[in-house]
Amino acid sequence: MKPHALENASTHSPHSLKQKTWQFFLMILLFFLVIFSISYGIIIRRVAVENEISESEIALSGISRNLNVSLERYKEMSRLIMLNAQVVDFLRGTGQAGDYNPSTVVDGIFSITNIYNFVDSVYIYHDSGAYVSTGAGVMLIDEELMDTPEWQMRIEAAKGGNVMMINGDGAFAKKTGLPIITMGREVYDIDSQQPIGSLYVNLTPSVFSAAARGMGDTREICFLDTEGNVLSGNTDLAVYYDPAFSQSGFSYQVIKSGTGRQILSAYSREDVPVVLVSLSSVSNTSAQYWEVLWIAIPMIVVMILAIFASGFFISSNIARPIDLLTEAITKTRVEGELKETHLTLPNNEIRNLADSYNSMIRHINRLIDELIEKENSVRKAEMRTLQEQIKPHFLYNSLGTISYLAHESNAPKVHDALETLGSFYRNFLSKGSREIPLRSEIMIVKDYLTLQQLRYGDDAFDVEYQIDEKVLDTLIPKLVLQPLVENSINHGVRLKGEKGIIRIRAFEQDGDVHVSVYDSGVGMSQSRIDDVLAATHADADALSGFGLKGTIERIRYYFNYKATISIKSEMDEYTEIEIVIPKETRRGLDDV
Amino acid sequence: MYKVMLIDDERPTIMLLKQSIDWASLGLEVAGEAGSGIEAINKIDDIQPDIAFVDIRMPFMGGIEFAKLASIRNPDLKIIILTAFDEFEYARQCIGLPICGYILKPIVRAEIYDVLKKVVQSLKEPSREYEESYGSEIEPTAIRRIAQYIEEHYTDSNLNLTAIAQMFGFNPSYLSRRFKTEIGQSFVEHLTECRMKKAMLMAKENEKMFITATAVGIPDPNYFGRCFKKHLGVSYSEYCRKTAVNS
């Protein structure tokens, strides 16, 4: 493995997640701002248009009302004319020339109209067709039209009320072509209540301008008749006329032009055949703009803060822990040592990732350990094979040869000793098997004790065997009794300095196999006993050792910790170590 | 007295067995010994032992092979295996052979006494009734033919009484007896004489002993050496020197 290569690979783009997160959030922010501006513009414009429309409606309806008020005043005026004595006399008369003095009638009319503005002319018709008129300029009168029943019906149908007409619906026309507003009515006799004539008051269009001025509004207004002819005001607006405007009420159109939006609004009343048209541009510097913005700006600020906060949150909760984890993993790999990481991570998916990584590391380590162990055991097996096959063969043949030499030289004791040694080694090394029958182990012990007696002399110790043949086939781990006996000699009887007894017992009780080694040695202290019995399999070299502790642990391990081992001792008197192999864990040769 | 034959390539083992065991007390005597399976198979007809101690690992012919051949020759032979290799593989090869005991090396006398007591006991039991089939009557011409065959094929190391008997369809014991009466020397003596004649010729050529040994059908040079000396009274190397001087 090349750590450098790994390092390069991992530093390729170490912070792209963090960068991407931020880029993403900035894009969202930008997108939001664009959307906001567009919708803000649309809303603001719509509001401004609606505002303008309602302002136009208010203005136009105000002007219209104003106009109405002034028209009421002219109705008032026409009533005063009707009641004028000269006018009444004229109408009650025959109407024949000479029967009346037109100039006195005109005077009478003037006395009233004098105080009113915008009165163009007044015509009073006698039933007979004679009329008296005031006014300047040439007036073209279509008398034929006025004689038609349709014309007369309209006036009569009003039953003395005023009928508003533009240019008297064709009956009157100024020679100058200027339009006039005609208010016509039938005149009744006060006493008889019979119609005695008709009265036509013609007003100049300035009456509209006056009404408009009265409102104090500066907007451009054009007054049109129902056919679209300009009566007064801005004549430029006439082009916008639409017959639909004459339907009573308020109507508008939004006109888009190069400079912006304009509102074309129109207003008409049922009782007045006049259409008010106005064109006003939509103001872009409305105060509402700022009102909306004052609400929107804090919202945008809050939004930006929220985006930054969530960006920071993601960075600190995801990107940063992943960075830490990557760093730890890279470090592990670069160091070449498969170690678990111990990072403090939030309890979430990243911790799961770290946990998975750790468990993977554990698994790999376990596999490596297994491999090493396997390798070790293979090596051990090889070693054992060498030991078993080379050394013993040579040893055995040599022992045989030396035995013969001893026999030849008439040294039977040497021969005996060599024979015992040969037998001991044969059992001691037996095939390298881990478990042997109790019989073989006792053979080992016998040979061992015979050799030890040769070594220390006959008066070192006596050996007693109390062996029950029935238990000799029980399988036990190899070399468990011999170390106990060795312990009895070296730490028991030898330390006492006087002739001791070593007693090996093996018997059956309730199906359990009891094996014990007794020595009349110096005994063991309770603390030593406790220490020896406290050996555990965690004791690394306990299993491999052939000391007392190791032997005890091997017995326990072999019988799955079901065999009991007890040590009885009295200081300066004796020690007895007993192994009890329970019935259920007991196995013989036949069970193998 | 039952006859015991000791077969082991380790001379001290044979000597130790011979001297440290009180054979007479068991009603036994050591009637012969051999240093290899080949030597043993050649001698066995002359010695006719009841019990054979055989080492498993020997050069040229191991104990297992010897046991196979010997048990054909004499089904009543009690074979005791001597081995330092108490391994399963050997035990498996012994299945079906008349092995009546194993002695593990190094030898422990007590174990040998235990095994021998059992074997002697089984020898004392009336042996199974064999239908002694002598095969067909052996004509003198057949014996001559066999002698001729030996003279032509003595270089084959696998040539022995049992093999010849099987080949010609005779009972080995009967053949052995008839051979001696007809030819005047035993089968083995005749075979050895043929081989030694050839060996003398090769010795004159100053051929190396182990090459001669293989060439005449005794691949065990130790046994060949003993045979040569027994037959001619001088060792192979001495004979070579003498003939070289003469010429």
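Note that these values count all heavy atoms, side chains included, but never hydrogens, waters or copies made by symmetry. All chains are named by letter (A, B, ...) in the order of the sequence lines, taking the proteins before the strands, and each is independently numbered beginning at 1.
- Salt-bridge check for Lys478(A) with Glu441(A): failed, with every basic side-chain N at 4.0 Å or more from each acidic carboxylate O.
- Residues Met200(B) and Tyr236(B) have side chains not in contact (no heavy-atom distance under 4.5 Å, counting atoms from C-beta outward).
- Using bins of under 30°, 30° to 60° and over 60° for the plane-to-plane angle, the ring pair Phe224(B)/Phe228(B) lands in the tilted bin.
- Geometrically, Lys198(B) does not engage Tyr154(B) in a cation-pi contact, judged by NZ or CZ lying under 6.0 Å from the ring centre and within 45° of the ring axis.
- Scanning residues 3-27 of chain B against chain A with a 4.5 Å non-hydrogen threshold yields Glu10(B), Pro12(B), Met15(B), Leu16(B), Gln19(B), Ser20(B), sorted by number.
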Only distances under 3.5 Å count here; give the side-chain donor-acceptor pairs of residues 454-464 of chain A to other protein atoms, sequence neighbours excluded, each with its distance to 0.1 Å.
{"from": "Arg455(A)", "atom 1": "NH1", "to": "Gln452(A)", "atom 2": "OE1", "distance (Å)": "3.2"}
{"from": "Asp462(A)", "atom 1": "OD1", "to": "Lys499(A)", "atom 2": "NZ", "distance (Å)": "3.3"}
{"from": "Glu464(A)", "atom 1": "OE1", "to": "Arg503(A)", "atom 2": "NE", "distance (Å)": "3.1"}

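- The shortest side-chain heavy-atom distance between Gln453(A) and Thr420(A) does not fall under the 4.5 Å cut-off.
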